[in-house]
Amino acid sequence: MLFVLLSVENVLINYTSTAMNVALSAIVRDLGTSLTGVQTAISLYALVVAASLLTGSKFGARHGYRRTFVLGGEIFALGALITAFGPTLPFMLLGWSLLQGIGVALMLPALVSMLTEDFAGATRTKVLSTLGMTAGIGAAAGPVVGGLITNYLSWRVSFILEAAITSVVVLLMRRTADRERPSGAGAGQPSDLLGAVLSATGFGLLVVATLLAGRYGLLKDRQDFVVFGNTLLHRGQVSPVPLIAGLGLAVLVGFAGWERHLVKSGRDPLVRLSVLRNRTIRVGIETVVMQILVPTGVLFLVPVFLQTTLGFDALRSGVTLVVVPLGLTVAASMSASRIASGRMTHRTAQKWAFLCMAAGCIAIAVLFDPHQRDVTAVGLALAPGLLLVGLGRGLATTVTDLIQSAPPPEEVSDVTGLSRTAGYLGSSFGVALAGAFMTTSLLLAFETGTNHSDVLSSDQQKLVKQTLEHQVQITAVTDDAMRAKVASRGVTSAAADELVRINAQARGRALAAAAIGLAALSLGGFLLALRLPRATPRTGAPSR
């Protein structure tokens with residue numbers, strides 16, 4: 001019963017993180033806001049979760065995982081209701097980005113820790129691998145189910161269902177919460193408030209840096225960086241992205257120093273970073289970042305590209321992704337069974353996971369024709385690549401068992417908090433990097449096409465260059481939208497046709513470049529997987 005309840009909520013948590021990717025246009029119209037505003041809400045949700053997971057994990061260790069899960073579920077359901085019935089963007093920011101983010105930060109570490117404590121051996125391998133599978137299915141099915149709900153009902157219905165299902169799970173969990181005995185870790189000692197602030201600030205800055213990548217560029221600043229009316233960085237200088245990311249890393253170094261100080265002083269830290277000395281845990285957490293980053297980037301890139309360039313609605317965008325959860329389910333169930341029976345190692349599963357993801361991204365880049373408009377043709381062209389990404393994500397789900405089985409019981413909450421944080425950082429990085437790859441490639445391809453055009457005059461080429469330089473955000477657009485934009489600038493006839501042609505060519509190259517970039521990251525994940533132990537260590541056994 002416990003596993004069923006936690007699995008249902010795990011699907012829902014991961015569904016929440018991707019379902020709205022296909023509903024962006026509908027939300028913009030309904031709330032009377034901009035695409036940037038809705039993307040901000042999505043990004044802030046990831047930021048809140050990533051910044052709060054360590055604190056949520058520690059809260060569960062101190063006060064009981066079931067109680068913490070119930071509290072998180074109540075906050076999550078409240079946030080879903082506020083989002084479902086909120087008339088403007090601020091309600092979405094409060095309900096989804098803040099309250100649901102906090103709810104997930106409390107629930108997610110608690111449910112993983114509960115299953116880790118309640119099961120052992122081959123049974124735990126199957127349970128945790130299945131948990132990873134449900135997470136992947138929730139994330140992969142999000143655009144598909146979200147597209148259906150948005151097309152036939154409303155995007156708001158997704159949040160109503162989230163509130164209803166979570167409320168039922170919470171009511172059933174309440175029956176066991178009062179009988180739980182907290183571990184008592186840190187009892188009688190003050191909470192590590194400074195550690196919580198430092199970790200939230202450090203991880204938050206890393207997420208903020210990824211959010212700015214699409215607008216300002218990864219390395220070179222594409223526009224002035226203005227804060228409170230003051231220009232801190234001028235266009236052409238270093239991008240704020242590496243500076244903010246560096247500041248975040250510096251804060252996390254300070255956080256690590258503070259946590260070590262608490263341990264030496266005999267006080268209770270937010271997280272015992274000494275668990276990272278275990279190679280299985282350390283490398284496993286590193287692979288978590290990469291195995292979440294790549295499929296999340298693909299699940300963001302494909303539906304957004306289809307909507308902004310081909311004009312697909314939420315339903316058609318979601319249908320093209322249906323092979324992802326299918327591939328994930330097959331690969332996850334097979335790999336979990338083989339690992340539990342000893343016929344496959346975690347290391348082997350992770351290696352093949354990244355190879356499948358890399359092959360899938362390359363297939364998307366090579367096979368997809370951005371000029372195709374028919375949903376069936378688009379779906380068939382994307383299917384091989386998306387299926388391979390789904391298979392890779394399914395194989396990768398077994399890493400949860402690998403990581404959670406490595407520490408002794410007293411360190412489970414520390415490992416859970418770190419691994420879940422790594423997962424959400426990977427999700428945030430995936431969206432940001434996919435967008436940055438595509439935006440940068442689109443800009444370069446459009447500039448190159450304009451400069452080499454025999455149709456455009458020198459004055460028109462100069463106008464295009466000035467427009468690109470002062471554009472706040474470069475995004476892929478449909479042919480009709482592009483024609484309307486150039487017409488508003490006074491460009492018509494042959495020159496307008498040429499710019500539409502250049503734009504169509506540039507956005508195709510941009511998608512291919514972004515997919516190749518994700519493939520390269522997959523190969524980086526493969527290299528990480530090579531560092532995993534060849535055999536899974538026994539629980540608590542040091543692996544250095």
Side-chain angles (χ1 to χ4, degrees), residues 14-15 17-26 35 39 42 136-148 150-151 214 292-328 356-393 427 429-439 441-442 475-478 507-522:
N14 288 276
Y15 168 85
S17 64
T18 62
M20 292 302 106
N21 286 350
V22 297
L24 297 178
S25 300
L35 180 62
Q39 289 176 327
I42 295 174
I137 291 175
V144 181
V145 179
L148 289 169
T150 301
N151 188 73
I292 299 296
L293 186 156
V294 175
T296 299
V298 171
L299 290 175
F300 171 80
L301 183 67
V302 172
V304 169
F305 184 88
L306 294 179
Q307 291 183 79
T308 57
T309 67
L310 303 185
F312 277 22
D313 57 20
L315 177 60
R316 288 188 293 171
S317 299
V319 167
T320 60
L321 301 174
V322 71
V323 296
V324 178
L326 293 178
L328 189 153
C356 284
M357 290 182 194
C361 292
I362 292 173
I364 290 173
V366 173
L367 298 177
F368 179 61
D369 180 5
H371 302 290
Q372 182 60 253
R373 294 294 190 276
D374 181 69
V375 64
T376 302
V378 169
L380 290 175
L382 288 171
L386 293 175
L387 179 62
L388 284 168
V389 171
L391 290 171
R393 183 66 184 93
S427 176
F429 293 163
V431 172
L433 289 174
F437 289 156
M438 183 174 174
T439 300
S441 302
L442 179 67
T475 57
V477 295
T478 63
R507 72 190 180 206
R509 291 177 177 175
L511 175 65
I516 293 298
L518 292 174
L521 292 173
S522 299

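In what follows, residues are counted from 1 in the order of the sequence shown. Any value given below was found using the heavy atoms of this structure, including those in side chains, with hydrogens, waters and symmetry copies removed.
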Any residue meeting side-chain contact (heavy atoms from CB on, under 4.5 Å) with A365, in chain and number order, not counting sequence neighbours:
A512, A515, I516
For the CD1 atom of I364 and the CG atom of L511, what is their distance to the nearest 0.5 Å?
7.5 Å
Taken to the nearest 0.5 Å, the spacing of L386 CG from R393 CZ works out to 15.0 Å
Measuring only between side-chain heavy atoms, which start at C-beta, is V294 closer than 4.5 Å to V389?
no
When every non-hydrogen atom of P295 is compared with those of M357, the smallest separation belongs to CD-SD, 3.9 Å
Does V322 have any side-chain contact (heavy atoms from CB on, under 4.5 Å) partners at least two apart in sequence or in another chain, and if so, which?
V144
Would you name the heavy atoms of V323 and A383 that are closest together and state the gap between them?
CG2-O, 3.8 Å
Applying side-chain contact (heavy atoms from CB on, under 4.5 Å) to A19 and not counting sequence neighbours gives Y15
side-chain contact (heavy atoms from CB on, under 4.5 Å) involving A26 - partner list, sequence neighbours excluded:
R29, T150, W155
d(C361 SG, L518 CG) to nearest 0.5 Å is 5.0 Å
Validation row: R509, S441 side chains within 4.5 angstrom (heavy atoms)
no
For the CG atom of L321 and the CG atom of L387, what is their distance to the nearest 0.5 Å?
12.5 Å
If you look at every heavy atom in A514 and L301, which pair is closest and at what distance?
CB-CD2, 3.7 Å
Rounded at 0.5 Å granularity, tell me how far CG in L380 sits from OG1 in T320.
11.0 Å
Close side-chain approach of F429 to L521, heavy-atom, < 4.5 Å
no
Any side-chain heavy-atom pair of L382 and L367 under 4.5 Å
no
